[in-house]
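In what follows, a structure is listed as structure tokens, so that the remarks can point back to it.
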Amino acid sequence: MSALSTDAARTTGLPSAARVTIVMTARERHGLAERAIGSILRNTACAYRLIYADGSTPAWLRERLQVLAADGRLEILRVGPDLWPTQIRRLVVGSVDTDYVAFIDNDVIVEPGWLEALVECADETGAGAVGPLYLIGGGDAPARVHMAGGSLEWIDTPTGRVLREEHADANTKPEEIAATAIREPCGYVEYHCVLVRMAAARDGEPFDPRIRCVHEHIDLSLTLLRRGYATWTEPRARVTYLATEPWALGDLAYRRRRWSREEGDASIAAFCDKWGVADDDRSFGGVRAFLHEHLRRLDPLRPEGAGRPDLAEPMRPGELVQNRSALLDLALARGYEMHECSVIAHHCDVAAILMSGGYRPCGRPFVSHLIGTAGVLVRYGFRLDVVLAGLLHAAYSHCPELPPGQKTSIETVRDVLVNAGVGVERRVRAYTRRGEDPGAFATALDRVGELSFDDAEIVAMIAANEVDMALGGEYRYTMRDDRIDRNGRELVRRVCGVLGVPGLAATLDAATETPSAPPGLRTGALGSYRIAGLRRLPMVSRAFAAFDASAWEPRPGE
């Protein structure tokens, strides 16, 4: 038995014939761990021992793991919450008493025969490490090849040694390489799933604790090669990295730490020192681009602004912007890049066209409200597509009557939103479905961590919408009394706390206490309106419900 403490009353039988210990670690989130474990339990025929490394595991998952441990289906290894996956591997490997250890991430599902094929390859080739055919998918996206082994090329240059690495067959359809993919040696495989020969790694040296954020998989193969053990790829073993599954808000903090730029740079520096590689874009341009894009692709906030002290501070009324120029000045001051500001500028013009002739019940031009909502999101550093969704959040609910053509007005608005960029139409559609009341999320108040990133962004958009109406005087100078209630504000407070923008919730709380203006100064209007000639016409569109119930849905990636 392992010298390490576990919570398992019994293991997966730990039969004497077991030649493999499977060690599962958290890669970047926790919400897929049960699926990953379930796929191993269903699709592994040979004897094995399964250990789940419990460090940063949330309480809800820990409880479910304990049930599996009590049933003898896995062991739970308690580790420090701040340990990185490679540090955990180094910790556990000295107590593994099987021929092989299979490291696997907790967001990977395996196909039948995966482990048997990896072991057979290692037995027959003497490999130090064997990787499967890695697929990538999840959600509604069809799986594609992530990597069929990786290649390494060393180049000596006058300015230092350069290392080029490449994923074989990346982004191809699995069926396209089914007939040609063969077992063969390769430069490296990845920690999504890898079988390692214990005789080559029992001392823990292949798991360098300094190289822990990026390139730890390449360091593994290079270290094993230096010891005389090659790395092989075995395409008969297949696993899928569930990269495109929806994200839960409770995983945001772990994801941010896991892929921080500082940790990436530290790992690169350690890798360069160990292997004599020049630290420049020739060797690390790709991995640094991955770190940059991987965070900003999903995080509701721009990584550049995360952690700013003023994200915890409430807005002052004078910070609310109400026109295009002020919004662009704010975006530039908050560090948005020029191309981002150009996109915001364009969509201010789009918003003005869609809301032409429209006014809020307080008498403001409707576009001022949209700009104000977007400005709140810019003030708190939200990603560009969230800002654009805030800027266009009323496009469906207040859809204008456009000149007759081949499409209805709302279909034309849809096309405008799709053209706004990745995810904008999806966010505006979801916002319109929910309405402007976070009460639609009432059941999530006690499980905020289970909200999707999309839902968290909608809550932030609702909060920004409310802040604009409060700071812009709309509640004070109208007869409206539909402010967010206490439970709604509590939900906003909890979501903003996880996002790292508590100041947004504090702004909403403070604005809620603002008294109304004297009755004689308030308008009698309760809803927004358009001026047509000398008449005021209600602005709310009734077309969305029927449109939303239609068969059309955004294409993947929209």
Side-chain angles (χ1 to χ4, degrees), residues 7 26 28-38 52 54-70 76 78 81 106-107 139 242 245-258 298-301 306 311-312 314 376-377 380 382 386 389-390 426-427 430-467 470 482-513:
D7 289 340
E28 57 184 356
R29 55 171 150 177
H30 303 285
L32 300 174
E34 289 182 284
R35 283 182 61 184
I37 293 168
Y52 192 93
D54 171 15
S56 59
T57 308
W60 65 266
L61 176 58
R62 182 172 293 137
E63 291 176 2
R64 297 174 189 179
L65 293 175
Q66 288 169 345
V67 172
L68 293 173
I76 301 174
R78 302 288 188 189
N106 70 342
D107 56 1
L242 298 174
E245 285 291 320
W247 278 78
L249 187 59
D251 286 325
L252 180 59
Y254 184 73
R255 176 184 171 85
R256 285 174 174 171
R257 174 177 178 265
R258 179 68 176 86
L298 290 174
D299 197 313
L301 302 187
L311 298 184
V376 174
L377 296 169
Y380 286 101
F382 281 82
V386 182
R426 173 171 51 81
R427 287 178 177 84
Y431 181 93
T432 310
R433 285 172 179 163
R434 296 283 192 177
E436 296 175 351
D437 180 7
F441 296 97
T443 58
L445 187 57
D446 293 326
R447 43 187 185 84
V448 166
E450 297 178 31
L451 285 176
S452 69
F453 280 19
D454 286 354
D455 283 347
E457 291 168 357
I458 292 170
V459 170
M461 288 168 58
I462 291 172
N465 175 78
E466 287 287 311
V467 165
D482 54 347
R483 297 185 191 225
I484 293 179
D485 64 17
R486 182 177 301 175
N487 285 341
R489 294 200 306 275
E490 179 60 26
L491 177 65
V492 168
R493 193 175 300 118
R494 295 184 187 184
V495 169
C496 288
V498 177
L499 290 175
V501 288
L504 174 54
T507 305
L508 184 59
D509 285 339
T512 301
E513 306 303 323

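Being a predicted model, the structure only gives us computed values, none of them experimental.
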| task | Just do the side chain to side chain contact (heavy atoms under 4.5 Å, CB included) check on Leu451 and Arg494 with the steps written out, would you? | result | CA-CA 11 Å; Leu451 285 176; Arg494 295 184 187 184; over 6 Å; no

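- Trp247 CH2 to Glu28 CD: the interatomic distance, rounded to the nearest 0.5 Å, is 3.5 Å.
- Across Ser56 and Tyr254, no two heavy atoms sit closer than the pair OG-CE1, 3.4 Å.
- Every side chain to side chain contact (heavy atoms under 4.5 Å, CB included) that Glu245 has, sequence neighbours left out, goes to Arg29, Leu32, Arg35, Leu242.
- Summarising the geometry of Asp251 relative to Gly31, their closest heavy-atom pair is OD2-N, 3.5 Å, with the distance given to 0.1 Å.
- Here CG of Leu499 is found 6.5 Å from CG of Leu252. Values are rounded to the nearest 0.5 Å.
- Arg483 is linked by a side chain to side chain donor-acceptor pair (under 3.5 Å) to nothing, counting only residues two or more places apart in sequence or in another chain.
- Under 4.0 Å is where a charged nitrogen must lie from a carboxylate oxygen, and between Arg489 and Asp509 at least one such pair does.
- A donor-acceptor contact closer than 3.5 angstrom is absent between the side chains of Tyr52 and Thr57.
- Sorted by first and then second residue, the salt bridge (charged side-chain N to carboxylate O under 4.0 Å, His left out) pairs involving residues 455-465 (not counting sequence neighbours) are Arg383-Glu457, Arg427-Glu457, Arg434-Asp455.
- Between Pro314 and Thr507, the shortest heavy-atom contact is CA-OG1, 3.2 Å.
- When side chains are defined from C-beta on, Leu301 counts as touching Arg256, because their heavy atoms get closer than 4.5 Å.
- For the atom pair CD1 (Ile484) and CG (Leu491), the distance works out to 9.0 Å, reported to the nearest 0.5 Å.
- Remark: Arg486 does not engage Glu490 in a salt bridge, criterion side-chain N to carboxylate O under 4.0 Å.
- For the pair Ala460 and Leu504, the tightest heavy-atom approach, listed with the atom from each and the gap, is O-CD2, 4.1 Å.
- A distance of 7.5 Å separates NE2 in His30 from CG in Leu61, rounded to the nearest 0.5 Å.
- Nearest heavy atom pair, residue Val501 against residue Phe382, reads CG2-CZ, 4.1 Å.
- Tyr431 contributes atom OH, which lies 15.0 Å from atom CG of Asp454 (distance to the nearest 0.5 angstrom).
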| task | Please test Asp299 against Arg255 for salt bridge (Lys or Arg N to Asp or Glu O under 4.0 Å), starting from the C-alpha separation and ending with a verdict. | result | CA-CA 9 Å; Asp299 197 313; Arg255 176 184 171 85; 6.0 Å; no

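- Contact record, Leu377 with Gly390: CD1-CA, 3.9 Å, taken as the closest heavy-atom pair.
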